[in-house]
Amino acid sequence: MKKTTPRSDIIDALSLHDLCRFCGTEETWVVELVEFGVIEPKGSVIEKWRFYGPNIARAKKASRLRRDLGINTAGVALVLSLLEERDEIRRRLARYEFD
Amino acid sequence: MKLTWIKRRWPRFDSLVLNSSSEGLHMNYKDYYKVLGVARTAGADEIKKAFRKGARKYHPDINTSVDAEAKFKDVNEAYEVLKDPEKRAAYDQLGAEPPRGERYQAPPGWDADYAFSESGTAGGDQDFSDFFETLFRQQARPSTGMPRDNHAKVQIDIEDAYRGANRTLTLRTPTVGPDGRVTMENQKISVTIPKGVAEGQHLRVSGKGEATGDLFLEIAFAPHPIYRPDGRDLYADLPITPWEAALGGHAVMPTPAGRVDIRIPKNARSGQKLRLKGKGLPGAPAGDIYATLKIVNPPVSTPRERALFENLAKEISFDPRAHFKGS
């Protein structure tokens with residue numbers, strides 16, 4: 001049992017290439033996510049795209065939904081916005097439920 | 001399907017059924033038909049339909065209940081076996097019921113393909129049960145020598161995110177021994193949880209994947225007795241007495257960063273939100289803490305307490321249902 005202390009950092013910015021590696025997907029699919037407005041990169045041209053913060057987690061979730069359930073991009077976009085709406089409603093509900 | 005053929009195809013099948021060595025590890029028999037909710041005579045279409053339904057229902061990104069992830073894995077594993085006529089036939093050979101109750105004896109040397117464990121709070125991406133691995137995995141996935149990223153989920157306490165923390169994860173990875181055999185080895189890695197990490201964020205642990213690949217950890221917060229996270233903000237209920245609500249006052253919030261004094265305004269309403277600016281998760285900018293006031297009535301038990309409330313009833317003319325009267 002060797003103990004090591006590797007460096008760990010929060011992923012807060014990824015290029016298109018790195019986001020693809022992170023999600024295990026191809027570039028065309030990430031471009032589609034952008035076209036559907038699921039994620040929004042900073043940067044004017046595709047070569048300079050950078051994905052920040054919640055966009056990274058959203059892309060990862062989208063890639064799992066696609067891989068596990070076979071949902072197409074339009075479906076993923078809808079599922080993600082409904083999930084975010086549901087989570088927000090649940091959080092608000094938790095504020096009013098008193099046990 | 002002939003048993004001899006099955007044994008040739010999946011050498012471990014034999015040892016699974018026959019091995020009774022006390023060195024073997026126990027594992028639970030999995031009823032894949034039950035997992036998918038289909039009859040043992042179900043056709044391929046029916047199995048596919050049941051799998052899709054189950055996958056949708058238990059997908060851990062959709063279903064937030066604690067056992068959803070385990071159920072999702074079971075559904076996937078069941079389909080992995082039942083969709084494949086060869087695997088299904090081999091599985092059916094085990095019979096409707098396992099020969100020795102619910103437990104099988106696994107041969108020494110079997111192991112899961114790849115998994116993380118850390119007090120059961122971290123899970124690998126596609127790890128099947130020991131039962132499946134013993135039956136169908138002929139050998140651990142050989143390392144190709146190519147860099148491969150690994151992904152796992154870690155649950156941490158909100159307090160860890162405030163202060164930063166060191167956590168030790170146990171990583172099971174396939175390792176090629178000097179004899180060329182692939183064995184599973186436990187590797188302990190200590191991971192630094194950086195201060196200010198928020199739920200849903202990912203950590204990259206450089207070089208801790210396969211070969212020179214990276215290890216990615218998705219951060220989740222363990223349920224907290226007081227706080228509910230929302231991004232960098234934390235929400236909590238702040239119970240107050242009716243007289244604190246009426247007269248105003250001070251209360252102490254036990255925040256993850258320490259105790260903070262909070263001022264309750266005069267004539268506070270139930271449900272009113274008070275903000276502790278910058279006391280949420282650290283960062284640039286730091287999050288806030290929102291305390292929602294909940295007015296709690298004391299139980300009235302003594303004559304003296306009763307008299308006090310009767311006095312209030314007499315002295316204060318207040319009708320919270322005034323708006324009922326118009327209708």
Looking only at heavy atoms, what is the nearest atom pair of A:I10 and B:P194, with distance? CG1-CG, 3.7 Å

Return yes when atom CZ of A:R91 has more than 12 non-hydrogen atoms of other residues, nucleotides or ligands closer than 6.0 Å, and no otherwise. yes

Any B:R204 side-chain heavy atom under 4.5 Å of A:D18 side chain: no

Heavy-atom count around B:D45 CG within 6.0 Å, excluding the residue itself: above 12? no

Checking an interface table here. Which of residues 80-90 of chain A come within a heavy-atom distance under 4.5 Å of chain B? A:L83, A:R86, A:E88, A:R90

When the 4.5 angstrom heavy-atom criterion is applied to B:R228 and chain A, the contacting part is side chain

Under 4.5 Å heavy-atom distance to chain A, tell me which part of B:P229 shows up: side chain, backbone, both or neither. backbone

To the closest 0.5 Å, what do you measure between CD1 (A:I11) and CD (B:E218)? 10.0 Å

Where at least one partner belongs to residues 48-61 of chain B, residue pairs that pass salt bridge (Lys or Arg N to Asp or Glu O under 4.0 Å), sequence neighbours excluded: A:R64-B:D61

Quick one: which of A:L65, A:V79, A:D9 has the most heavy-atom pairs under 4.5 Å with chain B, could you say? A:D9

Can you list the residues of residues 285-293 of chain B that sit under 4.5 Å from chain A, counting heavy atoms only? B:T292

Of all of B:L203, B:T64, B:I219, which one pairs up most often with chain A through heavy atoms under 4.5 Å apart? B:L203

Crowded around A:H17 NE2? As in, over 12 foreign heavy atoms under 6.0 Å? no

Basic-acidic side-chain contact under 4.0 Å: B:D214, A:R21: yes

With a 4.5 angstrom heavy-atom cut-off, is it the side chain or the backbone of B:D230 that approaches chain A, or both, or neither? both

Counting only N and O atoms by type, is there a donor-acceptor contact under 3.5 Å from the side chain of A:S8 to the main-chain atoms of B:T192? yes

Are the side chains of A:K60 and B:F216 in touch, meaning some heavy atoms are under 4.5 Å apart? no

For a quick test of reading the model, state the closest non-hydrogen atom pair linking A:F22 to B:H151 and the distance between them. O-CE1, 3.2 Å

With chain B as the partner chain, list the residues of residues 28-54 of chain A whose heavy atoms fall under 4.5 Å from it, by residue number, and write 'none' if nothing qualifies. none

What's the separation between atom CZ in B:F72 and atom CG in A:L69, rounded to the nearest 0.5 Å? 6.0 Å

d(B:Q201 CD, A:I56 CD1) to nearest 0.5 Å is 8.5 Å

Proximity breakdown for B:I62 and chain A, heavy-atom pairs closer than 4.5 Å: both

Using heavy-atom distances under 4.5 Å, tell me whether B:H59 contacts chain A through its side chain, its backbone, both, or neither. side chain

